[in-house]
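Scroll down for the structure; my scribbles are underneath it.
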Amino acid sequence: MKMNLVKELHKEIDGDNYGMKLYQVGQYEVEVFHTDYASGAVEDDIRVSTVDGCSRYVPKIYYNSEFFGSKAKVFTIQTVSYGDLKPEDFRAYLAAQNEALEVVETLKKELL
């Protein structure tokens, strides 16, 4: 799956450099934030959201830079139960879950 760069912004304030890149990956938008502080500290963050009009079965994807107290950077996928589904709805559900897995693999490869 390909990450398509939609927008890129940069700003400097009092020696601190702030940057943001917005990507579209499938039915998701991914905001990547990077800050270089004048003090030498560096801060990174990633936010993932679904695009307007996406399938109702598209799960949320979260980025955790500290996972259960460790410094491991991981993406997690929200799970929910839809109960029983008609076969066509179940196919749509599976397609959305598989897309989320593909997106997470792409994000891990490109961003971590």
(message) Taking the side chain as everything from C-beta on, heavy atoms only, tell me whether Lys2 gets closer than 4.5 Å to Asn4.
(response) yes
(message) Side chains of His10 and Asn17, heavy atoms from C-beta outward: is any pair under 4.5 Å?
(response) no
(request) Applying side chain to side chain contact (heavy atoms under 4.5 Å, CB included), run through Thr106 and Met3 and close with a yes or a no. (result) CA-CA 8 Å; Thr106 299; Met3 292 181 60; 3.7 Å; yes
(request) Could you name each residue pair satisfying salt bridge (charged side-chain N to carboxylate O under 4.0 Å, His left out) that touches residues 77-100, not counting sequence neighbours? (result) none
Point-to-point distance, once rounded to the nearest 0.5 Å, from [atom1] of [X] to [atom2] of [Y]:
X      : Y      : atom1 : atom2 : answer
Ile77  : Lys60  : CD1   : NZ    : 14.0 Å
Ser65  : Asp44  : OG    : CG    : 9.0 Å
Gln78  : Tyr62  : CD    : OH    : 4.5 Å
Leu112 : Leu107 : CG    : CG    : 8.0 Å
Glu12  : Asp36  : CD    : CG    : 10.5 Å

Can you name the nearest heavy-atom pair linking [X] to [Y], along with the distance?
X     : Y     : value
Thr50 : Pro59 : CG2-O, 4.4 Å
Tyr93 : Val80 : OH-O, 4.3 Å
Val42 : His34 : CG1-CE1, 3.4 Å
Val6  : Gln24 : CG2-N, 3.8 Å
Arg56 : Tyr82 : O-OH, 3.3 Å
Leu22 : Met20 : N-SD, 3.6 Å

(request) Determine whether more than 12 heavy atoms belonging to other residues, nucleotides or ligands lie under 6.0 Å from atom CG of Asp52. (result) no
Do [X] and [Y] land in one hydrophobic cluster if side-chain heavy atoms of ILVMFWY residues count as linked below 4.5 Å?
X      : Y     : answer
Val48  : Tyr57 : no
Tyr28  : Leu94 : no
Tyr23  : Met1  : yes
Val104 : Val74 : no
Ile46  : Val51 : no

(message) Whether the side chain of Glu31 engages the backbone of Phe33 through a donor-acceptor N/O pair (distance < 3.5 Å, no angle test) should be reported.
(response) no
(request) Without swapping roles, check the side chain of Gln27 against the backbone of Ala100 for a donor-acceptor pair under 3.5 Å. (result) no
(message) One pair to check against side chain to side chain contact (heavy atoms under 4.5 Å, CB included): Tyr63 and Arg47. What are the steps and the verdict?
(response) CA-CA 7 Å; Tyr63 170 72; Arg47 296 184 195 150; over 6 Å; no
(request) Assess the side chains of Glu43 and Tyr37: does a donor N or O sit below 3.5 Å from an acceptor N or O? (result) yes
(request) Go through Ile61 and Thr76 one step at a time and tell me if the side chain to side chain contact (heavy atoms under 4.5 Å, CB included) criterion holds. (result) CA-CA 6 Å; Ile61 296 174; Thr76 57; over 6 Å; no
(request) Determine, stepwise, if the pair Lys7 / Leu9 fulfils side chain to side chain contact (heavy atoms under 4.5 Å, CB included). (result) CA-CA 7 Å; Lys7 183 179 6 178; Leu9 301 171; 4.1 Å; yes
